[in-house]
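First the structure, in the form of structure tokens, and then the observations on it.
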Amino acid sequence: MDHQGVLSLRRWMLAPLAGGLAAMALAAAAPALAAAPAAGPKPATAKPAAPKSAAPKTAVPKTGTFDARRPADIVALLSGMEATTEIARKADGQVFMKVTTPGGGFGAQMVGCNEAFTSCKAIALYTAFARKGVNMVQINDYNRSQLTCRGVMAPSGEPSVMYAVLLNGRQTRDEMREHIGVWQGCLGGFGEFIQDPIGFLSRPQG
């Protein structure tokens, strides 16, 4: 999710003060003559009002701004990709999600979250495979052959794969969709690996 500050300059209009000057006329009247009435002051001509300066515009925050650090935005993003996402629990600065897709399910774990669980520092996508038989040496060889996907052995002995992303407020929806696309590649590749570890590792990985 980025914030921009807007500096507004106000123009203050200083209207000059017009001071009225009173003239005093001294008339010497002869005894036989009546004093002529003094002419009254001319009415002041009204000046047209100065146009008011336009009020400074206030920046309105854009609605629907995506922030990859917000769990709610990740849920909405996955929902838009035909996945059903459920927040299973929140604890110890982590948000655990259960994601269900037409092709299967996986877990999502957001870590480094604030106290309100509204902003997190990273997300890990992971799943375990029920098939056993892969050993730690083969998983280590798998990890050496991969740039982004990481294989691990669950305590139950099930081979698992994980993909992690550091989050920031500049990441767009499209960038996060690309990360999820990489994760889908991890699922497919790791699935092939556990079916035939020796055959998978004998092929060039690119």
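FYI, side chains are in, hydrogens and waters are out, and symmetry mates aren't considered; it's all heavy atoms of this structure.
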Which of parallel (below 30°), tilted (30 to 60°) and perpendicular (above 60°) describes Phe200 and Phe193? perpendicular
Which residues pass the side chain to side chain contact (heavy atoms under 4.5 Å, CB included) test with Ala72, not counting sequence neighbours? none
Identify, with sequence neighbours excluded, every residue that meets salt bridge (Lys or Arg N to Asp or Glu O under 4.0 Å) alongside Arg89. none
I want to check something: taking the side chain as every heavy atom from C-beta on, are Phe66 and Thr172 in contact at a cut-off of under 4.5 Å? no
Can you check whether Ala76's main-chain N or O pairs, donor with acceptor, with Asp73's side chain at less than 3.5 Å? no
Look at the side-chain heavy atoms of Ile, Leu, Val, Met, Phe, Trp and Tyr, link any pair under 4.5 Å apart, and say whether Ile194 and Met162 land in one connected group. no
Closest non-hydrogen atoms of Gly151 and Asn143, given as atom of the first, atom of the second and distance, are N-OD1, 2.6 Å
Of all the heavy-atom pairs spanning Glu158 and Ala130, show the shortest one and how long it is. OE2-CA, 4.0 Å
Going by side-chain hydrogen bond (donor to acceptor under 3.5 Å, both in side chains), name the pairs with one or both residues in residues 91-118, residues two or more places apart or in two chains. Gln94-Gln109, Asn114-Thr118
Residue pairs, two or more places apart or on separate chains, that pass ring-ring contact (aromatic ring centres under 6.0 Å, His included) and touch residues 78-112: Phe106-Trp183
Nearest heavy-atom neighbours spanning Ala154 and Ser160: CB-OG, 3.8 Å
So which heavy atom on Met153 is nearest to which on Val134, and how close? CE-O, 3.0 Å
Provide the closest heavy-atom pair for Asn168 versus Ala68 in the form atom of the first, atom of the second, distance. O-CB, 4.3 Å
I need the Met176 CE to Ile74 CD1 distance, nearest 0.5 Å. 4.0 Å
Just wondering, do Val161 and Thr127 contact through their side chains at under 4.5 Å, heavy atoms? yes
Hey, any chance Val111 and Val152 share a hydrophobic cluster, counting ILVMFWY side chains that come within less than 4.5 Å of each other, even indirectly? no
Heavy-atom closest pair (Ala108 atom, Val99 atom, distance to 0.1 Å) is CB-CG2, 4.3 Å
With sequence neighbours left out, the residues meeting ring-ring contact (aromatic ring centres under 6.0 Å, His included) with Phe129 are Phe190
Among residues two or more places apart or on two chains, list those pairs meeting disulfide (SG to SG under 2.5 Å) that have a residue in residues 121-160. Cys149-Cys186
Measure the spacing between NE2 of His179 and CG of Leu167 and express it to the nearest 0.5 Å. 8.0 Å
Joint hydrophobic cluster, Val75 plus Val165, side-chain heavy atoms closer than 4.5 Å: yes
Rounded to the nearest 0.5 Å, what separates atom CG in Leu201 from atom CG in Asp141? 5.5 Å
Do Phe117 and Ile87 have side chains that approach each other closer than 4.5 Å (heavy atoms only, starting at C-beta)? no
Identify whether Tyr163 and Met81 are in the same connected component of the hydrophobic contact network (ILVMFWY, side-chain heavy atoms under 4.5 Å). yes
Is it true that a side-chain atom of Gln171 and a backbone atom of Arg69 form a donor plus acceptor pair closer than 3.5 Å? no
As an exercise, state the distance from CD of Glu175 to CZ of Arg177, rounded to the nearest 0.5 Å. 11.0 Å
Return the CD1 to CD1 distance between Ile123 and Ile180, rounded to the nearest 0.5 Å. 7.5 Å
Okay, side chain of Gln195, backbone of Glu192: is any donor-acceptor separation there less than 3.5 Å? no
